[in-house]
Asker: 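Below is the structure I would like to discuss, written out as structure tokens.
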Amino acid sequence: MTVIEQLPPTRTAGGGPLRRLLRLRPEVDVTAQGEDVELAHPWGRQRVHALGAATVTALDALTREDADLDELATRQVRLLKLLERFPYLVTTTVADLLGTPLATAVPIARSAALPGFARVGGAAVLSRFAYLRRLPDGHGEACVLESPMAPFRLTLHQPAAGAFVAALTTARPVAEAAAMAGLSAEEGEALAGLLAGGGFLDAGSGSEAPLWDFHDLLFHARSRPGRHDYPTGGVFAHQDIDQLPAVSGAGAREEGPGIDLPVPEWDTVVARDPALSEVLEGRRSVRQYADTPVTLEQLGELLYRVARVRRIIPGDPADPHGYDGVDRPYPAGGATGELEIYLSVVNCVGLEPGVYRYDAAAHRLRHRVFHHPGEKQAYHELMTAAWRATACTVDPQVLLTVTTRFGRLSWKYSQIAYALTLKHVGVLYQTLYLVATAMGLAPCGLGSGDTDAAARALGLDWTAESSVGEFLIGSRPADVPRTANGFADIVTEAREG
């Protein structure tokens, strides 16, 4: 159990005091207007009135240089009180007497308070959600400690600071961890205090989001604004890289002219389809098939109605942010159209077993030939995984593997690109369910799939285009109804309960 107390000024191994330095984040712009200031920052703007000329000058200086916390507490109390009002704009650094930094706590959320410096009593251990990484090139040589549980990013300026963090992956006294990292006990106390104040230590008592896995909580925190300060949304961070084409081109393993699929007739489809409410209420996963497999014509109609490219929306070539949009039957953020569909066919009337890519622009199937036994083996692995995903209840007829061309999203969107493609998979699933149900097919969305096997079977570089969804399609037994003739609910029971 970590015990936190206030920590007095610490001293280096050589006897000199460790300085505690404050500075405004580099993105903060201070505009002085007499004794008033306006603060512009990543979270908005604030105007502060009647600060006094000396405080305005000192605040402006914090955009260029550090201020010693002890000096602020004794000589510039008014400025310190102002910083405490806007703690999410203030970085906190532990440094030696000459100002050489050891670690800096950078607030990344508006919920951050000044981390302070706390004494950590007893054994200390790192949060299970904390992770150490280097920033991309151009951000200096320092590495950073981050956690979805912490409203700070901790920049570690010296290798010994990283070693100290590594020592705390096991619960141990702070002095012992400092010795292991080659730091003085005082430096260890200061670092541990910064870690504790920043939210990077496990407080014990099972308080650390017990129902979350590490990757899920990190994904959630980083793919939505509020818990980080990274640029989010359509910021076009990769304009120096050519945008991927709106329509995917032929792959190296695709041979022959392809199989042109029949285009369904509008009047025929509209006359045959049940009403939307009947389909919505009748929609379900069907894990049993009729004796006669699904046909090529049925697959063609399904793919046409669900995933074809309806039109390309040309981008403005003079606009550096311009790109060709893709209009499909299901919605997609930014009209990116990054999803692709591959068919792993086992049993389909009119189509040989194997792997095919759906060419959504030409409404055509492209056969992807296996070039070596490992690729065919991966195809069988996909089908086995699909069989297991249905609790071994059905032998798959056709497996649709949904992939995403990440670059179509990440070229424009930052932080939210992967979350956005998963949202697209969800609307594609629903569209598949509704159309398949209306057509009288047997649809079944799967919860997961083998990323590596899919890459090998489909001939893909999984870092450039990877599987993000799996969906089974088969022939529906005659005794499994495809629609409903009324609403089902538990409204009465819930109101009475």
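On a predicted model such as this, the values are computed, not experimentally measured, just so you know.
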Asker: Is there a donor-acceptor contact under 3.5 Å from the side chain of R153 to the main chain of D229?
Answerer: no
Asker: Between R25 (side chain) and L89 (backbone), is there a donor-acceptor pair under 3.5 Å?
Answerer: no
Asker: Could you tell me which non-hydrogen atom of S127 sits nearest to which non-hydrogen atom of S147, and how far apart they are?
Answerer: OG-OG, 4.3 Å
Asker: Under a 3.5 Å distance rule, please check whether R368 uses its side chain to pair with a backbone N or O of L458 as donor and acceptor.
Answerer: yes
Asker: Using side-chain contact (heavy atoms from CB on, under 4.5 Å), reason through L24 and L83 one step at a time and then give a plain yes or no.
Answerer: CA-CA 9 Å; L24 290 176; L83 298 180; 4.1 Å; yes
Asker: Quick one: CZ on R357 to CD on E254, what's the gap to the nearest 0.5 Å?
Answerer: 4.0 Å
Asker: Evaluate the ring planes of F236 and Y323, with Trp represented by its six-membered ring, and classify them as parallel (under 30°), tilted (30 to 60°) or perpendicular (over 60°).
Answerer: tilted
Asker: Going through the checks in order, is the side-chain contact (heavy atoms from CB on, under 4.5 Å) test met by V326 and V247?
Answerer: CA-CA 8 Å; V326 181; V247 176; 5.5 Å; no
Asker: Verify, without hydrogens or angle tests, whether T63 (side chain) and D60 (backbone) share a donor-acceptor contact under 3.5 angstrom.
Answerer: yes
Asker: Can you list the steps and then say if Y131 with E146 is a side-chain hydrogen bond (donor to acceptor under 3.5 Å, both in side chains)?
Answerer: CA-CA 6 Å; Y131 59 97; E146 297 178 306; 3.0 Å; yes
Asker: Classify the ring geometry of Y433 against F471: parallel below 30°, tilted from 30° to 60°, perpendicular beyond 60°.
Answerer: perpendicular
Asker: D242 and W411: which non-hydrogen atoms are nearest, and at how many Å?
Answerer: C-NE1, 4.2 Å
Asker: Going by the salt bridge (Lys or Arg N to Asp or Glu O under 4.0 Å) test, name the single residue among D70, D68, D66 that passes it with R20.
Answerer: D70
Asker: Once rounded to the nearest 0.5 Å, what's the spacing between atom CZ of R366 and atom CG of L343?
Answerer: 14.0 Å
Asker: Return the CD to CD distance between E38 and Q46, rounded to the nearest 0.5 Å.
Answerer: 9.5 Å
Asker: Could you pull out the closest heavy-atom pair between A112 and P107, with the gap in Å?
Answerer: CB-CB, 3.7 Å
Asker: Among side-chain atoms of H238 and S410, is any donor-acceptor pair under 3.5 angstrom?
Answerer: no
Asker: Using the rule side-chain contact (heavy atoms from CB on, under 4.5 Å), only one of T91, T93, T92 pairs with V106; which is it?
Answerer: T91
Asker: Applying the side-chain contact (heavy atoms from CB on, under 4.5 Å) criterion to L154, which one of L132, L195, V144 satisfies it?
Answerer: L195
Asker: So F214 and F129, would you call those rings parallel, tilted or perpendicular, with 30° and 60° as cut-offs?
Answerer: parallel
Asker: Taking side-chain contact (heavy atoms from CB on, under 4.5 Å) as the criterion, tell me which of T404, T401, T403, T451 meets it with V468.
Answerer: T404
Asker: Please find the pair of heavy atoms, one from L382 and one from A454, that lie closest to each other, and give the distance.
Answerer: CD2-N, 3.7 Å
Asker: What are the two closest heavy atoms between E340 and S248, and how far apart are they?
Answerer: OE2-CB, 3.2 Å
Asker: So, applying side chain to side chain donor-acceptor pair (under 3.5 Å) with R456, which one of H372, E375, E381 is it?
Answerer: E381
Asker: Checking S111 against Y88: is there a side-chain donor and acceptor pair closer than 3.5 Å?
Answerer: no
Asker: Which atom pair, heavy atoms only, marks the closest approach of P396 to L472?
Answerer: CB-CD2, 3.7 Å
Asker: Counting only heavy atoms not in R310, do more than 12 fall under 6.0 Å of its CZ?
Answerer: yes
Asker: Is a side-chain N or O of Y429 found less than 3.5 angstrom from the main chain of L446, in a donor-acceptor match?
Answerer: yes
Asker: In chain order, what residues pass the ring-ring contact (aromatic ring centres under 6.0 Å, His included) check against H371, with sequence neighbours excluded?
Answerer: none
Asker: Please determine, by modelled atom types, if H424 and E338 share a side-chain donor-acceptor pair under 3.5 angstrom.
Answerer: yes
Asker: Looking at residues at least two apart in the chain, or sitting in another chain, which of them share a ring-ring contact (aromatic ring centres under 6.0 Å, His included) with W462?
Answerer: none
Asker: Please list, chain by chain and in numerical order, all residues satisfying ring-ring contact (aromatic ring centres under 6.0 Å, His included) with F86, sequence neighbours excluded.
Answerer: none
Asker: Is it true that atom CZ of R133 has more than 12 heavy atoms of other residues, nucleotides or ligands lying nearer than 6.0 Å?
Answerer: yes
